[in-house]
2 protein chains.
Amino acid sequence: KHIMPRGEMMRRGNVVLRAGHVIGTATVGLLAEVGAATVAVVERPTVAVLSTGNELVSAARVPTFGQIRNSNGPMLAAAVETLGYQLRMLSVAGDDRDVLAEHIATGLECDVLVLTGGVSAGELDLVPDVLASLGVECVFHKVAMKPGKPIWFGVKRDVAGVDCYVFGLPGNPVSSFVGFHLFVRRLLDQLAGRQVAKQPHTARLSQPIENRGDRELFHPVTLARSATGEFVATPTAWRGSADLRGIASAHALVRIRAGQIAWPAESLVPIVPICDVFRDC
Amino acid sequence: KHIMPRGEMMRRGNVVLRAGHVIGTATVGLLAEVGAATVAVVERPTVAVLSTGNELVSAARVPTFGQIRNSNGPMLAAAVETLGYQLRMLSVAGDDRDVLAEHIATGLECDVLVLTGGVSAGELDLVPDVLASLGVECVFHKVAMKPGKPIWFGVKRDVAGVDCYVFGLPGNPVSSFVGFHLFVRRLLDQLAGRQVAKQPHTARLSQPIENRGDRELFHPVTLARSATGEFVATPTAWRGSADLRGIASAHALVRIRAGQIAWPAESLVPIVPICDVFRDC
């Protein structure tokens, strides 16, 4: 009764894992069990993070007139490392064409370069120009979303294909955060060979929400669960693209289409996760 | 129109974060913004992992008669590190009382010690005895669950309270895996000051499942999502507590109560996550 015959679980020649499998905890055990002490994996993409702007000082400094602390740099660095990708943190670049070009050239050595600031329409928004001068082709600039409209995306190609993917995220911290989750994270997961969720997660609104604009709105929400296990989304108090506090307590962003102003409670809406829902809600 | 008045988002004296907040990506940005370059945090618990058993060889070795490769050690180490806790990996201890005592004493220096093997009723199951001799009090031994029944839990106290929490997980790899997710992970999250989910997540069974035993059954499942966002759980092909392959492809464990043999499709059952559902399903 208590003896297990040899070969009952697996036999020589059985396929244990297929290519594309994410190596989770149980997989590590399985690989050890079958003696696969060394396995070929997809290399984790390298990501350079570069904040730009004359107005930026580090978190430890007290800003003087016309200055703000650099929140995007540390935030995006944390995002990259939380997801398990390889970070290359570049020092802040002021709005000087030559310095910017030098920093960007360093960032282009990575698989992905994420810039913040300098992509809107201001006089000192030099980033698109400098990128073009370094051979980065613009794929798109501006998306009809709120926050995050001024997002810039381009590629640097070499003979083998795309050599570096480049994102210019807006300088407003929530815009930058939303751009990261909607675009950068998605690309990084694909480059790393992760299977990405096939359909968006959804939640029911616990209270009405409005979208008076002509862009898709991504509003921060906390999530709870109904008796049947559905997610229930409650908008956090949030004052727009400069208000990180309204994001810090959120579990997800709800995606509210334009073209209909009032979205009643109980509406089923797509959500974009910004936490590990199984641990945090 | 495009000028933001000073102090619109926050003002001096506002509370930005309360104690107990998990420092996620957006929080890093928020802390940087307000100049909180250094903050007090709960220390991440340290976890010692110790595999026991004369039969164990490392993953890189070819087992000879009566030997198996150590899959639990690497698997539990991966689990600890994936969750972000501090790992102290101990070398494998054979079933020798003195060697075991020495390794266990080292492990007791951590916040949590996780042993595998040696907790069942075999002649060489020395772990409970050795733990007792080192001053570890047994809190419980054996739980009416399947797999994972022989799980052992105890505490070593000092004057200030509990000095080390000790788990003895069964040697069968899936039992060990399930014990980790149900008990060890939960404790680690609490020690780290994480808020743990208040109610279990749930899913609908896509097909019937049976529990003929008198213990709660934790069966691996893959998760998909219905049109309304409910999780739908499909049992994986799984042959019991030695079959890691049936776990490696799973997203969660469904918890099936004893006392009712047949659970029809569409039953709403609690699930225990073993992945980051937002990224993986």
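Because the structure is predicted, anything quoted here is derived from the model rather than measured. We name chains A, B, ... by the order of the sequence lines, and we start the count at 1 in each one.
With a 4.5 angstrom heavy-atom cutoff, B/M4 touches chain A only via side-chain atoms. With a threshold of 4.5 angstrom between heavy atoms, B/A250 does not approach chain A through any atom at all. For A/N72, no part lies under 4.5 angstrom from a heavy atom of chain B. For a residue to count as touching a neighbouring chain, one of its non-hydrogen atoms must lie under 4.5 Å from one of that chain's; by this rule A/S226 touches chain B with the backbone only. Of the two parts of B/R204, only the side chain, counted from C-beta on, holds a non-hydrogen atom closer than 4.5 Å to a non-hydrogen atom of chain A. Interface remark: B/V15 contributes backbone atoms only to the contact with chain A (heavy atom separation under 4.5 Å).
Put simply, of A/N70, A/L31, A/I68, A/L268, the one with the most heavy-atom pairs under 4.5 Å next to chain B is A/L268. For the set B/A60, B/G246, B/A79, the count of heavy-atom pairs under 4.5 angstrom toward chain A peaks at B/A79. Per-residue counts of heavy-atom pairs under 4.5 Å with chain A were compared for B/L30, B/D243, B/T27, B/I23; the largest is that of B/L30. For the options B/S176, B/S58, B/P200, B/P173, heavy-atom pairs under 4.5 Å to chain A are most numerous at B/P200. Heavy-atom pairs under 4.5 Å with chain A were tallied for B/E230, B/R245, B/E33; the largest tally goes to B/R245.
Closest approach of B/P74 and A/V28 over heavy atoms only: O-CG1, 3.5 Å.
Atom-to-atom distance recorded for A/T202:OG1 and B/R225:CZ is 7.0 Å, nearest 0.5 angstrom.
Here the side chain of B/R239 pairs a donor or acceptor atom with the backbone of A/E8 at under 3.5 angstrom.
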